[in-house]
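Scroll down for the structure; my scribbles are underneath it.
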Number of protein chains: 2
Amino acid sequence: MSEDAIHPPAEGLSLPKVLAALADPARLATVRTLAQGGESSCNQIRHDAGLEVSKSTMSHHLRILREAGITQSRVQGARRLLTLRREDLDARFPGLLDAVLQPEPAATY
Amino acid sequence: MSEDAIHPPAEGLSLPKVLAALADPARLATVRTLAQGGESSCNQIRHDAGLEVSKSTMSHHLRILREAGITQSRVQGARRLLTLRREDLDARFPGLLDAVLQPEPAATY
DNA sequence: CGAACAGTACGACAGTGGTCGAACTTCCTG
DNA sequence: CAGGAAGTTCGACCACTGTCGTACTGTTCG
């Protein structure tokens, strides 16, 4: 199979699902990395985001993001290149992505 | 006893926690109701938001919101009057609340 | 005072979610 | 072609979460 990945249509994005997807630190880091670095592969993201999780866990997180409509993946050879679905997200939830991507004011605790 | 409720300091708000708190439909409805109606009591919110949950469940949701730093409660007689912590949220996560409160472009489900 | 009301606390229970290792598929490369 | 790299899928496990009913504290009012 080539492109079986499940990508919900732009109109189908649900706010609770999107928020839930973003509510995990690992996935938040993933989204931020993706926002900065543009298109990259699963492993690359895992490395860039500094995530110390197994392949399967990473795959799981990426699936949540994809199924929430936050990311998009295309296959290139043995890799899957991921991108943020910026336009779709901005269209449906204006300002949300920007708010979430904003650097946090430090000292969370 | 007057003020036993746990309210995290404004600087202590964690984005994942806030997002997780907002990721539940019941709590999202609660926040929206609160944003529109201003200060109101638990039961009033439950009614206004059209939530059909038990008292204890409602109390649970409100606790999550409070502990995430999204709401604030003050005691007035037998009631607890809740408000959104708009300023704190806007200060720490600019645009987030507005993005989440924005009416959804219909047909979310 | 006593009954009804507002809300919290606790315990139980089912469902979900994050984590891993192992097995598998597909692709690239020597 | 054989070996390895990139990801996904699967089953297991444990922690967390949403739900409820019940019991409790405190308040208002008849």
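Residue numbering restarts at 1 for every chain, and letters A, B, ... go by the order of the sequence lines. Computed over heavy atoms, backbone and side chain alike; hydrogens, waters and symmetry mates excluded.
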Worksheet item: Can you check the B/K55 NZ to D/dC24 P distance for me, whole Å?
Response: 14 Å
Fill in: Minimum-distance nucleotide (side-chain atoms of B/H61 versus D/dG18, C/dT8, D/dG7)
D/dG18
Practice prompt. Rounded to the nearest angstrom, tell me the gap between atom CG in B/N43 and atom P in C/dT8.
Written response: 10 Å
Taking distance alone, no hydrogens or angles, what donor-acceptor pairs closer than 3.5 Å link side-chain atoms of residues 39-51 of chain A to residues at least two apart or in another chain?
{"from": "A/E39", "atom 1": "OE1", "to": "A/R74", "atom 2": "NH2", "distance (Å)": "3.3"}
{"from": "A/E39", "atom 1": "OE2", "to": "A/R74", "atom 2": "NE", "distance (Å)": "2.7"}
{"from": "A/S41", "atom 1": "OG", "to": "A/Q44", "atom 2": "N", "distance (Å)": "3.3"}
{"from": "A/N43", "atom 1": "OD1", "to": "A/R46", "atom 2": "NH1", "distance (Å)": "2.3"}
{"from": "A/Q44", "atom 1": "NE2", "to": "A/D48", "atom 2": "OD1", "distance (Å)": "3.0"}
{"from": "A/Q44", "atom 1": "NE2", "to": "A/D48", "atom 2": "OD2", "distance (Å)": "3.3"}
{"from": "A/R46", "atom 1": "NE", "to": "A/V53", "atom 2": "O", "distance (Å)": "3.0"}

Worksheet item: Between C/dG7, D/dA6, C/dG18, which one does the side chain of B/R79 approach most closely?
Response: C/dG7
Worksheet item: Between the main-chain N or O of A/M58 and the side-chain N or O of A/R63, is there a donor-acceptor pair closer than 3.5 Å?
Response: no
Discussion item. Nearest to the B/A78 side chain among D/dT27, C/dC20, C/dT8, which nucleotide is it?
Written reply: D/dT27
Discussion item. Can you measure B/L65 atom CG to D/dT17 atom C1' for me and round it to whole angstrom units?
Written reply: 14 Å
Discussion item. Using C1' atoms of five pairs at each end, report the bend of the helix from C/dC1-D/dG30 to C/dG30-D/dC1 rounded to 10 degrees.
Written reply: 20°
Discussion item. Expressed as a whole number of angstroms, how long is the span from A/Q76:CD to D/dA5:P?
Written reply: 19 Å
Item to complete: For the side chain of B/S54, starting at C-beta, report the closest nucleotide among D/dA6, C/dG7, D/dG21.
Response: D/dG21
Worksheet, complete the sentence: Taking every heavy atom of B/A23 against every heavy atom of A/P16, the minimum-distance pair comes out as O-CB, 3.4 Å
Worksheet item: So, A/S54 and A/T57: side-chain donor and acceptor under 3.5 Å apart, yes or no?
Response: yes
Worksheet entry | Sidechain-backbone polar pair: A/R92 side chain, A/L13 backbone, donor-acceptor under 3.5 Å | yes
Item to complete: Give the rounded distance in Å between these two atoms: CD of B/Q44 and P of C/dG7.
Response: 10 Å
Item to complete: Write down the distance between NE2 (A/H60) and P (D/dA6), rounded to a whole number of angstrom.
Response: 22 Å
Worksheet item: Does the C/dG21 base have a donor-acceptor partner in the side chain of A/S56 within less than 3.5 Å?
Response: yes
Item to complete: May I have the distance from A/L28 (atom CG) to C/dG18 (atom P), rounded to whole angstrom?
Response: 13 Å
Worksheet item: Expressed in angstrom and rounded to an integer, what is the separation of B/R46 atom CZ from C/dT8 atom P?
Response: 12 Å
